[in-house]
Amino acid sequence: MRIGELAERAGTTTRALRYYESRGLLPARRAVNGYRTYDEDDLRLLRQIRTLQDFGFDLEETRPFVDCLRAGHPAGDSCPASLAVYRRKLDELDGLIGQLAAVRAQVGAQLALAEAARAAEAPAPRCQFGGTTE
């Protein structure tokens with residue numbers, strides 16, 4: 001298939017595909033007429049890259065998964081290098097979750113203080129116009 005068809009089937013742009021090619025993640029095969037050509041294996045590589053990026057992996061973190069698929073493994077995450085990337089990502093996510101939990105606790109404490117201060121204030125007088133209350 002040509003680059004436009006691959007982009008359409010993968011839900012991405014031809015520009016992204018050219019970029020992945022320049023980074024060595026997609027092969028740079030050309031037909032005799034000079035057009036880029038791709039096959040179903042390339043679509044599978046691209047889907048792996050896109051899925052990982054949707055999970056928050058940066059492009060370079062996808063390389064071990066692509067290499068694993070290219071090595072003939074049916075799943076790109078069954079090689080030792082892919083497993084190592086998963087472990088690093090989980091450690092990173094655990095750290096972020098810890099940071100977010102700390103920030104949430106601080107915001108919750110600040111909200112409680114603000115609500116207590118508001119409750120301690122005297123109620124504001126109601127506005128009256130022309131002798132009637134609203």
| task | Assess K89 against F57: is NZ or CZ under 6.0 Å from the centre of the six-membered ring, and within 45 degrees of the ring's axis? | result | yes
| query | Any chain of hydrophobic side-chain contacts (each under 4.5 Å) joining L69 to F65? | reply | no
| query | Between R9 and R47, what is the shortest heavy-atom contact and its length? | reply | O-NH2, 3.6 Å
| query | Is the side chain of R63 donor-acceptor paired with the backbone N or O of R23 at a distance under 3.5 Å, no angle test? | reply | yes
| How long is the gap from CZ on R50 to CG on L43, to the nearest 0.5 Å? | 11.5 Å
| Is the side chain of R44 donor-acceptor paired with the backbone N or O of P74 at a distance under 3.5 Å, no angle test? | yes
| field | Q99 side chain reached by V103 side chain, heavy atoms, under 4.5 Å | value | no
| said: Looking only at the side chains, is there a donor atom on one of Y86 and E61 sitting less than 3.5 Å from an acceptor on the other? | reply: no
| said: Side-chain heavy atoms nearer than 4.5 Å, only ILVMFWY residues, links allowed to pass through others: does that put M1 and Y35 together? | reply: no
| Got more than 12 heavy atoms from elsewhere within 6.0 Å of CZ, R30? | yes
| Looking at D41, V66, L17, which hits side chain to side chain contact (heavy atoms under 4.5 Å, CB included) with L46? | L17
| remark: Correct closest heavy-atom pair for G24 and R70 would be O-NH1, 3.3 Å
| Which pair of heavy atoms, one from L45 and one from L25, lies closest together, and at what distance? | CD1-O, 4.2 Å
| message | Any non-hydrogen side-chain atom of R29 less than 4.5 Å from a side-chain atom of D39? | response | yes
| C68 side chain near D77 side chain, heavy-atom distance below 4.5 Å | no
| request: Quick one: pull up OH in Y38 and CG in L26 and give me the separation to the nearest 0.5 Å. | output: 6.0 Å
| field | Atom pair CG/CG of L100 and L93 - distance to nearest 0.5 Å | value | 10.5 Å
| message | With a 6.0 Å cut-off (strictly less than), is the heavy-atom count around CD of E8, excluding the residue itself, greater than 12? | response | no
| task | Keeping the roles fixed (side chain from T62, backbone from L59), state whether a donor-acceptor pair exists under 3.5 Å. | result | yes
| Flag side-chain contact, heavy atom, 4.5 Å: H73 against C79 | yes
| For the side chain of S82 and the backbone of S78, is there at least one donor-acceptor N/O pair under 3.5 Å apart? | no
| task | Could you grab the distance from atom OG1 of T14 to atom CG of L6, nearest 0.5 Å is fine? | result | 10.0 Å
| Spatial distance of atom CG (D42) from atom OG1 (T37) [nearest 0.5 Å] | 8.0 Å
